[in-house]
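In the text below, chain A, chain B and the rest are named by the order of the sequence lines, each starting its count at 1. Just so you know, these numbers use all the heavy atoms, side chains as well, and skip hydrogens, waters and symmetry mates.
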Amino acid sequence: MTDRVSEASRRRGYDPAAMEGRWQEQWAESGLYKTDEDLRKPKHYALTMLPYPSGDLHVGHWYAMTPSDTRARFMRMQGYRVFFPIGFDAFGLPAENAAIRNGIHPRKWTLSNIERMRGQLKSMGAMFDFDAEVVTCEPEYYKWNQWFFLKFFEKGLAYRDEAPVDWCPSCNTTLAREQVVGLDRRCERCGTPVIKKNLAQWLFKITYYAEELLDFSGIDWPERVKTLQTNWIGRSEGAEAVFDIEGYGPVEVFTTRPDTLFGATFFVLAPEHPAVERTTTPDREAEVREYVESAGKMSEIDRTDVTRRKTGVATGAYATNPVNGERVPVYVADYVLMAYGTGAIMAVPAHDERDFEFAKQFGIEIRTVIAPPGWDGGELAEAYPGEGTMVNSGGFDGLSAEEGKERVTGWLEERGTGHAAVTYRLRDWLISRQRYWGTPIPIVHCAACGTVPVPEEDLPVRLPEDAEFAPTGESPLKRDEGFLYTTCPRCGGPAERETDTMDTFMDSSWYQYRYLSPHYDDGPFDPAEGEKWLPVDQYTGGIEHAVMHLLYTRFFTKVMRDLGLVDFDEPMVRLFNQGIILGEDAEKMSKSRGNVVNPQEFVDRYGSDALRCFLMFIGPWDQGGPWDGSGIGGVARFLRRALSLVAGGDPSGGQANPDDLERRTARTARKVTGDLRAFRFNTTLATLMEHTNYLLAVKSEVGEARWAEAMNVFVRLLAPFAPHHAEEMWTLMGEKFSVHERDWPEWDESLIQEEEITLIVQVNGKLRDRVTAPADISEEAAKELALASEKVQPHVGEGEIKKVVYVPGRLVNMVVA
RNA sequence: GGGGGCGUAGCCCAAUCGGCAGAGGCAGCGGACUUAAAAUCCGCACAGUGUGGGUUCGAGUCCCACCGCCCCUACCA
């Protein structure tokens, strides 16, 4: 069906795909999209998120990139020098999986994908400057990942620690965080639930910047992202208190409620807590060991299932409460997480739901220490986590909970058994991957010297090209002797290289800087270029990166600032999150679901301008939504009609007033400009369509000079959306190449005003008549005019007019008793 | 359990400060062109805004309570 559409169009000489191909060639030849270096103009660094070279551009890429391109083009025409680069996030698991499955080397697979995608990107007709292209799997790029690693290491921001990682027991390998999918945390590749595994891992100390990362004052980002990051960082204020475990020593706990310390009737350690083993009494040993082991084996899903009954066992040990010297039993229970706070808690069942549940199950005393309003002194039916008055708390009785927090904390500090503390939910960023296709971590392990960083001048540590791939789950680097065995840079003795590679989020944390000078040798980027372009002015991308990439890149920029590389605090001044385009079935597009929409079909049939405009037209950009290709024909028709304004074609014969030409042109320019500033592409397109319909209707009735002027404005307004069609029209109009180098249209505000307006006449808020009046009508005259309306009379009748509401230029409302 | 978003015509979506519910498009219907169809062009119709209250001269818009759908998060002490 749709084929017939384009076939018929071609027969009539409209072949958008061919026309667009011609312009793309000419743009490339003329270097139209080489970055403007005219420093007299204000800068605008526009950036769209770094794509992964999965093989083919899908419609989601178009949805993310073409509005971004439209906006960049708009800025360019508004007189900015615009930098709009593109590149490829070329390391990562899919390439390695392809290698294991098909025996293709990840590098070969990746580079051929890039080759294909580069061609497809060009068919988009975007103004990307391909001279700035960055490919993160090239040594000239990842060398600087390693350089950053060394700088982080020097500053103590990179360290090695044993940490639990997500491990897929079926693929026998660790997974990147983004490859653990769904609430039930399954491996994306095979669907097996992941487990935790302890491995020595490299981490970046992002928590060092936790406090600063909570400060968004320098940036104009969506509230949503700021909230997500704030929650992710999860700052909690409270106190740390020291409990003494008999036969072991002091163990710190974190609490947000030091005011409830007197209500602590038991003490809980996480199963992984080092104190568990050493405090368990001999008679409890067997049971505790069994519990700890089963907790360790349990999948994350089961372990964190909130609906599950609380479990745990007594260790036989006792801990001493620092405020009252009371001995309370120590339990080990998996509802306490090693990863948060200190991995141990004081349990206050009366005022914490979880502790309450546990105490009920184990028959532990529930002691009220904060009296709820109107409390009768009896036992609480459920935990009371709210505010109230302190009771059963020794000398603190009678204080409000709020005051109690401070006083108890002070009391602890005086005695050296505690202090005020802030805890963050944010964990340090685990960057180790037991994978081949990533940046080698530039570290050497020497039996004599220990962990030794590779000297800067020896960078890059290259990935060996001849690695062998087998589905053993072991990185090929571990079996690559040429890579593995080396000499210690410190003592010259025999040593082994670190075989872990870096998380690919490392690559995307600073790529915006590399774009400035992708081949620069003396640093991650050329500072002279940085002066010209940094920081990024407008970033666009999906919200799914809110707490990963967008947090990491903020962290990186702060470290770069502290290294003296940049002099600002935030990488991207403004951020816009587009929505996600779903499959026709309203599900996320994925190969396995078979609902992936291939843009190429639509480009071939309707042209890239049509697809660009269609994606911008279907709704607000931040909303996303399911793909419904049935509407693209309408957008294609619009472009064809627009072109026919200059290329001849069917006379319209529609009815419209040719006298309005200048006013409507000015009004269209104003609306398009305003909506484009605000990223409202859908309404902008609607405005351009409306204007096209009008122009077609009056074309034959307008004189040549007026027509030429109106078209000149219209084509420039169209240019950011449909760059090829606009260029074609511009040329057909006899204007000089290229429309994309022209200025954005201005408009005369005074032209927009109508001389006559339609006044709405209401009686008791109900529409009763419309009257035409001069635009500058006075309030008195408007009211008189409304009263005089015959249609109004029956509704007013004998009733008394109590009040007349007048909204200038809009309506008169008569209130009748 | 917590946080966020969205409900307007058959469908996708518009609607400035609260002021005519409709800009645009899809699908539909009628007409023109055609031997016919497609394409193209012209025109037409279609909802009272998820539900129930409230504020107001006036509510799609503001407030309260529900219903439905979607996304994120998850024992964070």
Side-chain angles (χ1 to χ4, degrees), chain A residues 1 4-9 11-12 14 183 223-224 227-228 231-232 234 236 238 253-257 260 268 303-308 310 333-337 339-348 351-355 357-358 385 423-425 543-544 546-547 579-580 582 586 614 617-620 622-626 628-635 637-638 640-641 644 649-655 671 674 680 682-693 696-697 758-767 769-770 802-805 807 809-816:
Chain A
M1 175 182 70
R4 270 181 281 157
V5 175
S6 56
E7 275 313 307
S9 293
R11 264 184 273 123
R12 294 170 63 97
Y14 176 66
L183 252 183
E223 281 308 316
R224 188 137 169 250
T227 304
L228 280 168
N231 292 343
W232 187 262
S236 290
V253 298
F254 175 76
T255 178
T256 53
R257 296 294 302 271
T260 65
V268 189
R303 173 107 182 237
T304 58
D305 180 2
V306 192
T307 59
R308 203 172 119 243
K310 296 269 177 290
D334 64 7
Y335 81 93
V336 173
L337 310 173
Y340 185 77
T342 62
I345 61 160
M346 62 166 202
V348 184
H351 305 290
D352 181 280
E353 263 179 61
R354 297 150 299 177
D355 298 344
E357 198 191 324
F358 191 89
T423 289
Y424 302 91
R425 205 186 81 119
I543 190 129
E544 67 273 17
V547 294
I580 300 169
L582 304 168
F614 177 61
F617 181 63
I618 50 179
D622 55 0
Q623 196 172 295
D628 175 5
S630 67
I632 191 172
V635 175
R637 213 167 292 140
F638 149 67
R640 191 187 141 88
R641 284 158 67 80
S644 78
D650 305 282
S652 141
Q655 285 153 21
K671 173 84 173 147
R680 286 193 293 258
N682 56 328
T683 50
T684 315
L685 255 327
T687 304
L688 289 170
M689 286 177 179
E690 184 186 8
H691 194 52
T692 301
N693 292 342
L696 272 167
T758 303
L759 266 187
I760 305 309
V761 183
Q762 296 181 335
V763 178
N764 289 340
K766 287 199 169 65
L767 174 72
D769 197 10
R770 300 180 176 127
K802 289 172 65 181
K803 186 175 166 187
V804 180
V805 179
V807 181
R810 285 195 178 267
L811 64 79
V812 178
N813 184 23
M814 281 165 276
V815 185
V816 180

Atom-to-atom span, CG of A:N693 to P of B:rG25 - whole angstrom: 5 Å
Among B:rU40, B:rG25, B:rA14, the one nearest A:M689 by side-chain distance: B:rG25
Any A:S236 side-chain N or O less than 4.0 Å from OP1/OP2 of B:rA77: yes
Greater than 12 external heavy atoms within 6.0 Å of A:E544's CD: yes
Between CZ on residue A:R637 and OG1 on residue A:T692, distance to nearest 0.5 Å: 14.0 Å
Presence of A:N813 side-chain N/O under 4.0 Å of B:rG19 phosphate oxygens OP1/OP2: no
Who pairs with B:rG60 - Watson-Crick or G-U, where each distance is under 3.5 Å: none
Complement of B:rU16, any strand, by Watson-Crick or G-U distances under 3.5 angstrom: none
Separation of the P atoms in B:rA32 and B:rA38, to the nearest angstrom: 14 Å
Between C1' of B:rG24 and NE2 of A:H691, the distance in whole Å: 14 Å
side-chain contact (heavy atoms from CB on, under 4.5 Å) evaluation trace for A:M689 with A:V635: CA-CA 9 Å; A:M689 286 177 179; A:V635 175; 4.0 Å; yes
Rounded distance (Å) that lies between atom C1' of B:rC75 and atom CD of A:E357: 9 Å
Sugar-phosphate, base or nothing in reach of A:R770, heavy atoms under 4.0 Å: base
Watson-Crick or G-U counterpart of B:rA23, or none if no pair lies under 3.5 Å: none
Identified pairing partner of B:rC46, criterion: Watson-Crick or G-U wobble below 3.5 Å: none
Of the listed nucleotides B:rA74, B:rA77, B:rG25, the one nearest the side chain of A:W232: B:rA74
B:rU40 phosphate, OP1 or OP2, under 4.0 Å from A:R637 side-chain N/O: yes
Distance in angstrom units between A:K671 NZ and B:rG24 C1', rounded: 11 Å
Rounded interatomic separation in angstrom, taking CG from A:N231 and P from B:rU73: 11 Å
B:rA45 versus B:rC29 - spacing of their C1' atoms, nearest Å: 7 Å
Geometric cation-pi criterion, A:K310 with A:Y335: 6.0 Å, 45°: yes
Any-strand Watson-Crick or G-U partner of B:rU8, both distances under 3.5 Å: none
Contact nearer the 5' end of RNA chain B, comparing A:T342 with A:G619: A:G619
Presence of donor-acceptor pair under 3.5 Å, side chain of A:Q623 and base of B:rG5: no
Closest-nucleotide ordering on RNA chain B, the 5'-leading residue of A:D355 and A:T227: A:T227
Below 4.0 Å: OP1/OP2 of B:rC42 and any side-chain N or O of A:R641: yes
Length of the CZ-C1' vector between A:F638 and B:rA23, whole Å: 13 Å
d(CG, A:L685; P, B:rC12) in whole Å: 19 Å
Distance in angstrom units between A:E353 CD and B:rG2 C1', rounded: 11 Å
In B:rC64, glycosidic geometry as syn within 90° of 0 or anti otherwise: anti
Between B:rC44 and B:rG25 - P atom distance, rounded Å: 13 Å
Same-atom distance (C1') from B:rG5 to B:rC41, integer angstrom: 42 Å
Span that lies between the C1' atom of B:rC69 and that of B:rA27, in whole angstrom: 24 Å
Short side-chain N/O contact to B:rU73 OP1/OP2 from A:R425, under 4.0 Å: no
